2 protein chains.
Amino acid sequence: MAEEIAGRGDPVRTLELMWGKAPAPRRGPKSRVSVADLVAAAVTIADADGIDAVSTRRVAEAVGISPMSFYTHIPDKAVLLDLMLDAVASPPGEDTPANPAFDPAEWRANVTFVARAFRAFYLRHPWVLQVGTHRPVLGPNTMRAYDVFLSAFDGIGLSEVEMDLSVTMVANYVHGAVRDVARAHMVKEQTGKSDDEWWYTIAPFLETIDFSPYPVANRVGPVVGELYGLGDPDLAFDFGLERLLDGLERLIEGKASSAVVIPPKLTPADREGLVIPPLTPPRGAPNSGR
Amino acid sequence: MAEEIAGRGDPVRTLELMWGKAPAPRRGPKSRVSVADLVAAAVTIADADGIDAVSTRRVAEAVGISPMSFYTHIPDKAVLLDLMLDAVASPPGEDTPANPAFDPAEWRANVTFVARAFRAFYLRHPWVLQVGTHRPVLGPNTMRAYDVFLSAFDGIGLSEVEMDLSVTMVANYVHGAVRDVARAHMVKEQTGKSDDEWWYTIAPFLETIDFSPYPVANRVGPVVGELYGLGDPDLAFDFGLERLLDGLERLIEGKASSAVVIPPKLTPADREGLVIPPLTPPRGAPNSGR
DNA sequence: ACCTAATCCTGTACACTGTAAAGAGTATTT
DNA sequence: AAATACTCTTTACAGTGTACAGGATTAGGT
């Protein structure tokens, strides 16, 4: 019942493993398995049976070593989760060109594209939504995804800070919006019960309840329900995305003349010379440019 | 390692417990504890020590019964999670008036208010973010929160469907945006390590890495880092919210003349007469109207 | 060739988890 | 008084992450 949270292991050790920069062992027997093998096995399990099917024992068994041998290669389960997140952020078979050609004139289409790709990524690996990451996963694949994401906002008149904030905004929105759909998918697979069946199961009970204390919901709910049945996640996603794009457009239009939106409140400059990577890389990768 | 997902127990039983409509027992000894006691204890534990500290044994012990007696009152741990979510959605001490007076003329302020309140709710109960809900929590408190949320969008020229979509959009955005902050809080409390320390720990390693394959990120990252240090979550939140509001404003402005935005694609009308509650109540409550 | 140190792999063990099963005690209905 | 329905308890099982100790294998230093 340890909760699934990545980013708790020794951060440097995690990064070393993620970038393949762990110092090569000088003595001792050759490993029968590699870290990549373990991570790949874990991802396979997670894709198939969900994140709670990923146990150190099962991963070890999948690659053919004994349970405790897992810890020879990966110090923690938390580290495994980090490695899984970066591994899945850009599937090997679907590499993207080094610099995706985003025409700034088509920025709405570009942002829509990366947002949809990001969403598709979550739907392909829904377990990612269940892994809480309280630190950015600074792995190569995640960085790549962040770079592509950022590129969609490049050259359209936004400052660097605004670009980062915009990526964060869209990524956050996508993350929030995809939850319901992804979970619905998972539940359908696991329990075989669709949303419709669930509603019909509880409908008799709901009829016994007085909804008058919730007047607005009571007015809106039935209308929405009749028009869209039990909800159209794709519609909801596009609706929100369009609003976001309109909001961005207004920002871009107003940039030329209007006041600066982001106040540059400098922090004490004792960080000079320090390599500070991006603040909030998206968790996972858009499967962009195919 | 069972994953924390609510909404898996018998839905009707869950609803009965949530609305206090479980049939009163006709015989047998009086209960020493109530469902509300158990839920309250569980929430206390979650608030204090995080969601993975909430075990059936610990909850039972907290109310003074033996571990298995838990199951006399609550069928599942999944049901407990649902009950916790609705219980926390509107703390007893902070009740709101039945109809919060939202002046439609001030809709931007109103939406900002509910969004901020929603965000504050997550920061007060960060464990809510770790509980995956694949079904809406149709409890009284959650309904109330949804109703208040909806009210902020009422009377400003949006259709019912657009109101629902707008609430969903804002709720999704807030959910996504609050993750990092909430987790940072939790980690700070649990490990005593702040984001800054984490960055300084990994900085030496990061300097050994070639970031040139990520040109845009490599350009944006340092600028953002220098201006805002390790990130200003409040700023990022407000930035995204302002864009959202601008997008909504454009929608509202264009409503009078322009074409209908939402195509009314009717589903087969075999749902007539069925009471269909709101599609996607927000998970948790804005602490609105104080 | 030997010894030592580093490394991989393994078995055992512990404290947890959710909860199934069975039974003991208690209050109400018949 | 007997049957019933309910609360609460004990025991038990299959899982989990991982600490610890030891055995097997390789390379470097002598």
Side-chain angles (χ1 to χ4, degrees), chain A residues 1-6 8-10 13 16-17 22-38 42 45-46 49-84 130-131, chain B residues 1-6 8-10 13 16-17 22-38 42 45-46 49-84 130-131:
Chain A
M1 178 69 23
E3 123 209 30
E4 310 289 9
I5 288 196
R8 290 192 301 190
D10 174 19
R13 185 98 186 86
E16 282 175 352
L17 290 171
R26 306 219 164 280
R27 308 180 197 191
K30 307 279 181 199
S31 302
R32 275 187 273 160
V33 300
S34 69
V35 172
D37 292 336
L38 286 164
I45 294 170
D49 298 341
I51 194 64
D52 57 338
V54 177
S55 69
T56 57
R57 281 175 172 84
R58 182 159 168 195
V59 171
E61 189 193 27
V63 299
I65 58 180
S66 83
M68 281 310 288
S69 295
F70 173 92
Y71 292 96
T72 303
H73 306 275
I74 296 173
D76 246 9
K77 193 185 178 184
V79 172
L80 173 69
L81 292 173
D82 265 347
L83 295 176
M84 287 172 69
Q130 299 171 56
V131 180
Chain B
M1 180 68 23
E3 119 210 34
E4 309 290 8
I5 287 197
R8 291 192 299 189
D10 175 18
R13 186 97 185 85
E16 282 176 352
L17 290 170
R26 307 221 164 277
R27 311 179 195 190
K30 308 278 182 203
S31 302
R32 275 187 273 161
V33 299
S34 69
V35 172
D37 292 336
L38 286 163
I45 294 169
D49 298 341
I51 194 64
D52 57 338
V54 177
S55 70
T56 57
R57 281 174 173 84
R58 183 159 168 193
V59 171
E61 190 195 25
V63 299
I65 58 181
S66 82
M68 282 307 289
S69 295
F70 173 91
Y71 292 96
T72 303
H73 307 275
I74 297 174
D76 246 8
K77 192 184 178 185
V79 173
L80 173 67
L81 292 173
D82 265 346
L83 296 176
M84 288 173 68
Q130 299 170 58
V131 180

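Quantities reported herein were computed from a predicted structural model and do not represent experimental measurements. Naming convention: chains lettered A, B, ... in sequence-line order (proteins, then strands); numbering from 1 in each chain.
- Phosphate contact (OP1/OP2 of dT7(C), side-chain N/O of His73(A), threshold under 4.0 Å): absent.
- Panel note: side chain Asp37(B), backbone Ser34(B); a donor-acceptor pair is recorded below 3.5 Å.
- What separates CG of Asp49(A) from C1' of dG15(D) is a distance of 15 Å, to the nearest Å.
- The residue among Ile65(B) and Pro25(B) whose nearest nucleotide of DNA chain D is located toward the 5' end is Pro25(B).
- Counting to the nearest Å, the C1' atom of dC9(C) and the CD atom of Glu61(A) are 16 Å from each other.
- A sub-4.0 Å separation between OP1 or OP2 of dT9(D) and a side-chain N or O of Ser66(B) is present.
- In this structure, CG of Leu38(A) is placed 16 Å from C1' of dG17(D), rounded to the nearest angstrom.
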Can you check each nucleotide of nucleotides 18-27 of chain D against protein heavy atoms at under 4.0 Å and return B for base, S for sugar-phosphate only, - for none, in 5' to 3' order? BBB----BBB

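- Using a cutoff of 4.0 Å between basic side-chain nitrogens and carboxylate oxygens, Arg13(A) and Asp76(A) are not scored as salt-bridged.
- Val54(A) approaches Ala42(A) most closely through the heavy-atom pair CG2-O, 3.6 Å.
- Counting non-hydrogen atoms under 4.0 angstrom, Ser31(B) reaches the backbone sugars and phosphates but no base.
- Listed pair Ser69(A) / dT10(C) meets the phosphate criterion, a side-chain N or O lying under 4.0 Å from OP1 or OP2.
- Ile51(A) and Met84(A) get closest at one heavy-atom pair: CD1-CE, 4.2 Å.
- Interatomic distance, CD1 of Ile74(A) versus CG of Leu38(A), reported as 4.5 Å (0.5 Å rounding).
- Across the protein-nucleic acid pair, Arg58(A) atom CZ and dG17(D) atom P stand 12 Å apart, rounded to whole Å.
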Please table the atom pairs, donor to acceptor, closer than 3.5 Å between any side-chain atom in residues 60-71 of chain A and protein atoms at least two apart or in another chain.
residue, atom, partner, partner atom, Å
Ser66(A), OG, Ser69(A), OG, 3.2

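- Note: CG (Asp37(B)) to C1' (dC8(D)) measures 16 Å, nearest angstrom.
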